[in-house]
Structure formats: structure tokens, C-alpha cells
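Read through the structure below, which is laid out as C-alpha cells, and then see the notes.
These numbers come from the heavy atoms of this one structure, side chains and all, not from hydrogens, waters or symmetry mates. Predicted, not measured: the structure shown is a model, and the values here were computed from it. Numbered from 1 within each chain, the chains take letters A, B, ... in sequence-line order.
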Amino acid sequence: MFGIVDCNNFYASCERVFNPKLNNKPIVVLSNNDGCVIARSNEAKEIGIKMGEPAFKISFLIEKYDIKIFSTNFALYGDMSKRVMNIIADSMSKIEVYSIDEAFIDLSHIDIENIKDKMKYLRIRILQETGIPVSIGIGKTKTLAKISNHISKKELICKGIFMINNNNIDRVLKKIDVGKVWGVGLRTEAFLKYYSIKTAFDLKESNHRWMKKNNSINGERIIKELRGIICYPLDSYSKDKKSICTSRTFGDMVTSLDDLNSSIAMYTARCAEKLRLQNSSAMLAHIFISTNPFRNDLSQYRNSRTINFPVATNDTSEMLSYISKALKYIYKDGYYYKRAGVVVSGIIPSSQVQCNIFDSLDRLKSHHIMKTVDCINNKMGRDFVRYASQGYFRKWRLKQESLSPSYTTNWNHLLKININSREI
DNA sequence: TCTGGGGTCCTAGGACCC
DNA sequence: TCTGGGGTCCTAGGACCC
């Protein structure tokens, strides 16, 4: 059996842990630049606020229902996620961290009769030690566990835990819309419904060869998983990333090459840091810039360029030298830029980098420099040591008007509690 | 005024090899 | 009249996930 542990309304729950006044109040967490809704508390969902909705379109609801708004605070969410995952890893033999708020677990070594009790205990422990409420779904495959998890959140009677077994499987799947099945997106949902496959049960009973022919091997796998045949085993070891992307939409529009260059330089530095963190180097970098596609009144321009490094690298300065040149090549004067980004790919372990006989760079030296820079920045804070091209005045910085403190990762943001008034 | 960010996997088709 | 067979690798684009 597989289990999936999923944090309830994760970002909203993180905000509540250190601000209990928010309990039972509608909360919404916004994307970067306070743009779109990316998380909602149950109260906000009940009001009818949709996922992904632009904040400016719901301003009247925010006022009417006194909804509390938060800018994304990834320092906080990332740290809270780590705490939850550590507890799961400590309680279970095998865990696959699937996303910031979800983990699959292996339950095959536990007797079926005992699974629910064990999960009940795990839920209580996570809530007690982190303040984050979770729901747990259980099934013979990951796909079935995901469906169980969906039910455990919807049906209050489940108290956060649900298991699909041989006795209830058909009855349960008949009530699940096919679009809710893990791996079935909008396109596949429309395709299946066209052929009158409306529920998860219909999909389970349909022909897997037909599905493979008309969709892909993944379509066939979903059907088999619904039948209890494991196609997606637990991946417990963490894998190196195959591509790494850093991109942002700017708070204000940017026009000058200098400003655009400093933003691209910053994203390059981030990508290089992420590469070094997993001891990898990249053979390719792809940069892109674009204007704001929502502004019909302004002329639009977007362009991108791919760079092949002569030798795979994770050296910020080397990457910057190539990337700045590429940016000059695609930059056009007279446009209002709104977004830019850097993607590195062709990622290999640094120990396997193929040297170039004409290489003039002292790579051992640059390795030591990068190591020292990372070490200083880890201790003193991000970008304490930086490249000049990253700049100091960020015209393109994010808009984050409702940012909560980083309670658990910044000494200056520690909670202060007034014992006398019993207030935070 | 105003619309996020970061990933993975699969497939078809082209280029190339013997 | 008549033009093989069997592969690999790479890339762009699509679909999906959170």
C-alpha cells in the first residue's frame, strides 16, 4: 500500500501557525508581485475565491469579507515544509518528497488493519510539532492514494484519513469525476468525456490499449494504476534536477538595457548557486525577455537566445560573461519589459565535465572562488558578496506589500511575545 | 494601475549512421 | 515499371503536475 501525506491549504496554514488570530478567518496567499491567488484557506474557498484569480479582480470580495491577504513568503513555507518532511521521514521507512506540501510513503510493511491507526498518530504528531494540519490518502497505487487523499479532504467524516480497498474501490471511483484523476488534465478530460468516460470508474474499466494509442503510455499507466497495478513506484532517493530555471515578472516595467542586464545577472547567479548546490554543471543556458502580454495598448516584443558553453560550468562569472553578451543581442530599445528569466540545462555532475584542450580558464581556482562566495553568503545572507553586474538598485524588484515575517529563518524576525498581556 | 514560478515526461519528426 | 532495413540521438512542442 501507498500513502500520501498532503498539507491542508499549505501556505495559508503556514501563515496561521505564527498568527493564531487568523484561525477561522478567510486567508489568501498571492503569487509574486501580489498578482494571482495561489493559496486559500477553507473560509476563502467557501466565499468563492478561485485558484489563480488575479488579485485586482477580487478586491471587492476582499473588502466585503475582510479577507486577510499575504504575499508569498517562500523562506517561511520552505522551512515549514522541511520540518513536516523530517517528521514523516522519522516515522516512516520510505518517503518520496513529491512537492513542497506532499510526500508519498511506503506502507507495505504495515498490516492493513493497523494502517489507519498509524496514520492517525502521524497526523497528530505533525500537527503537534509544526502546527500544520495534514490529510492522508491510502491505496494500492499512488494514483489510488491521490484519490483517497482527495476524499479525505472533502468528507469531514473521514477526519483527514481515507483508504481505498478492494471492498469500496468501485463504489468510490464511480463518484470521482475523471478530471480529478492524477495525470488527467484539461485536454485528456475533454477527450475522455467525448467518449463518455466520465468517472474514474469508467476510466478504470476502459481499454488500456485504446488509451495508449490515442493518448500516450501515460494514459495506459493511469488505467493500470486505477486497477491496482503499480506503474509508478516510490522514488525515495532525491534526484538531481535536469533543468533549473529562475525567472520573474517585474514589479515595475523596465526599459533600459542596464536594468534588464542586472535582473538577468541576478537570475544567472541564482541558477549557478542551484547548480553548485547539487554539484552539477550546465552545458546550456537559455535566456528570455518579454513585454507585458496583457497590455494591449503597448507594442509587444519577446525574444530568447540559447548559449552553448564551451565547457560545462557552474561558475557565475563565466556564465555571466556569455549571458550578458547574449542579452545585448536580443535587447531592443523602446519597449517596456515586464518579464525575464534564465534556464540552464544539459546538466551533468561536475565530476563528469569534459575538458576542452583550448580551455584558458583556471577551473580549479574558479571552483575555490565559488566555494568561498557561497560560504560567505550562507553565513552573512544572500548576495552579501555579489557580481557588480547584479547591481544594487533593483528597479525591477518584486512587489510584496503584505509580506509576513520569516519567523523561522531570520533572527530579526523572531516572534516577540508579551507575557503580561498574553499577546503576540 | 493590476494577470506567478518551477519542474517532468512523452512523442513526432529530422538528421544521421551502417 | 521496379529504389531496403534497422537503428540512435536530438529537439521542439504538448500535456501535465504542484
Side-chain angles (χ1 to χ4, degrees), chain A residues 4-11 28-40 50-60 62 69-74 77-78 81 96-104 142-143 146 149-150 178-192 211-222 231-232 235 238-253 263 267 270-271 274 278 283-284 286 288 290-298 304 306 308 336 338-347 396 398-401:
Chain A
I4 181 151
V5 183
D6 189 316
C7 302
N8 299 346
N9 313 325
F10 183 53
Y11 298 167
V28 154
V29 179
L30 301 178
S31 60
N32 275 341
N33 284 315
D34 297 343
C36 297
V37 174
I38 57 166
R40 307 153 295 161
K50 299 268 180 297
M51 191 71 172
E53 210 159 6
F56 71 89
K57 284 191 183 168
I58 54 162
S59 46
F60 70 101
I62 291 170
I69 298 289
F70 291 93
S71 306
T72 35
N73 184 344
F74 277 115
Y77 311 151
S81 169
E96 173 190 343
V97 177
Y98 179 63
S99 75
I100 194 165
D101 70 334
E102 281 172 279
F104 285 106
K142 283 181 173 176
T143 305
K146 281 288 248 181
N149 185 246
H150 176 73
V178 74
K180 289 275 187 297
V181 176
W182 189 44
V184 176
L186 283 175
R187 293 297 286 260
T188 313
E189 181 186 352
F191 170 82
L192 292 171
M211 188 67 174
K212 184 180 177 181
K213 200 173 145 215
N214 288 284
N215 286 267
S216 73
I217 185 77
N218 283 333
E220 184 181 18
R221 285 181 184 145
I222 292 169
C231 299
Y232 302 111
D235 269 334
S238 68
K239 281 168 276 177
D240 285 344
K241 295 217 177 358
K242 294 173 179 173
S243 73
I244 291 172
C245 171
T246 305
S247 73
R248 292 287 179 279
T249 300
F250 306 138
D252 285 319
M253 286 189 283
S263 78
Y267 308 150
R270 286 289 98 76
C271 283
K274 292 177 194 171
Q278 63 170 40
M283 305 209 273
L284 296 163
H286 181 80
F288 60 89
S290 115
T291 50
N292 185 352
F294 294 102
R295 290 289 293 267
N296 299 323
D297 53 330
L298 297 174
S304 67
T306 303
N308 280 287
Y336 293 93
K338 184 66 175 172
R339 190 175 147 75
V342 176
V343 189
V344 294
S345 57
I347 295 175
W396 37 272
L398 292 175
K399 196 170 90 183
Q400 292 184 307
E401 284 172 354

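At a threshold of 4.0 angstrom between heavy atoms, the contacts of A:Lys239 with the nucleic acid are absent. Heavy atoms of A:Asn292 sit under 4.0 angstrom from primed sugar atoms or phosphate atoms, though from no base atom. Using a 4.0 Å heavy-atom distance criterion, A:Ser59 is classed as making no nucleic acid contact. Within the nucleic acid shown, A:Arg270 has no heavy atom closer than 4.0 Å to any nucleic acid atom.
OP1 or OP2 of B:dG6 sits under 4.0 Å from a side-chain N or O of A:Arg248. Contact between the side-chain N/O atoms of A:Ser247 and the OP1/OP2 oxygens of B:dG4 is not found at any separation under 4.0 Å. Between B:dG5 and A:Thr249, a contact under 4.0 Å exists linking OP1 or OP2 to a side-chain N or O. Between A:Arg339 and B:dG4 there is no side-chain N or O to OP1 or OP2 distance below 4.0 Å.
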Reading nucleotides 7-18 of chain C from 5' to 3' and marking B where a protein heavy atom lies under 4.0 Å of the base, S where only the sugar-phosphate is that close, and - otherwise, the string is --------SSSS

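Looking at A:Lys338, its side chain does come within 3.5 Å of a backbone N or O of A:Phe250 through a donor-acceptor pair. When atom types are taken as modelled, the side chain of A:Asn292 and the backbone of A:Phe294 share a donor-acceptor pair closer than 3.5 angstrom. Counting only distance, with no hydrogens or angles, the side chain of A:Asp34 and the backbone of A:Glu401 share a donor-acceptor pair below 3.5 Å. A donor-acceptor pair under 3.5 Å links the side-chain atoms of A:Ser81 to the main chain of A:Ile100, judged by distance alone. With A:Asn218 contributing its side chain and A:Gly183 its backbone, the two residues share no donor-acceptor pair below 3.5 Å. Side chain of A:Asn33 to main chain of A:Lys399: a donor-acceptor pair is present (N/O by atom type, distance under 3.5 Å, no hydrogens or angles). No side-chain donor-acceptor contact under 3.5 Å links A:Glu102 to the backbone of A:Ile4.
Counting to the nearest Å, the C1' atom of B:dC2 and the CZ atom of A:Phe56 are 5 Å from each other. Distance CZ (A:Phe250) to P (B:dT3): 13 Å, rounded to an integer number of Å. One atom, OH of A:Tyr77, and another, C1' of B:dG6, lie 17 Å apart when rounded to the nearest Å. Protein atom NE2 of A:His286 is 15 Å distant from nucleotide atom C1' of B:dG6, rounded to whole Å. One can place OH of A:Tyr267 at 12 Å from C1' of B:dG4, the figure rounded to the nearest angstrom. In this structure, CG of A:Leu30 is placed 12 Å from P of B:dT3, rounded to the nearest angstrom. Atom NZ in A:Lys338 sits roughly 8 Å away from atom C1' in B:dC2 (whole-Å rounding).
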Read 5' to 3' with Watson-Crick or G-U pairs under 3.5 Å, [ ] for crossing pairs and | for partners on another strand, DNA chain C gives ....||||||||||||||

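Using the six-membered ring where Trp is involved, A:Tyr11 and A:Phe74 have ring planes that are perpendicular, over 60° apart on the 30 and 60° scheme.
The cationic atom of A:Lys142 (NZ for Lys, CZ for Arg) does not lie both less than 6.0 Å from the six-membered ring centre of A:Tyr232 and within 45° of the ring axis.
For the C1' atom pair drawn from B:dC17 and C:dG4, the interatomic distance equals 15 Å after rounding to whole Å.
Remark: A:Lys213 does not engage A:Glu220 in a salt bridge, criterion side-chain N to carboxylate O under 4.0 Å.
Across all their heavy atoms, A:Ser345 and A:Ser243 have their closest contact at CB-CB, 4.4 Å. Of all heavy-atom pairs spanning A:Gly35 and A:Leu30, the tightest one is N-CB, 4.4 Å.
Residues from residues 212-219 of chain A lying near DNA chain B, meaning a heavy-atom separation below 4.0 Å, are A:Ser216, A:Ile217, A:Asn218 in numerical order.
Both A:Ser31 and A:Lys242 lie near DNA chain B, and the one whose nearest nucleotide falls closer to the 5' end is A:Ser31. Checking A:Phe74 against A:Ile244, the closest nucleotide of DNA chain B that is more toward the 5' end is the one next to A:Phe74.
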Should A:Val29 and A:Thr72 be marked as a side-chain contact (heavy atoms from CB on, under 4.5 Å) after you check the CA-CA gap, both sets of side-chain angles, and the distance that decides it?
CA-CA 6 Å; A:Val29 179; A:Thr72 35; 4.1 Å; yes

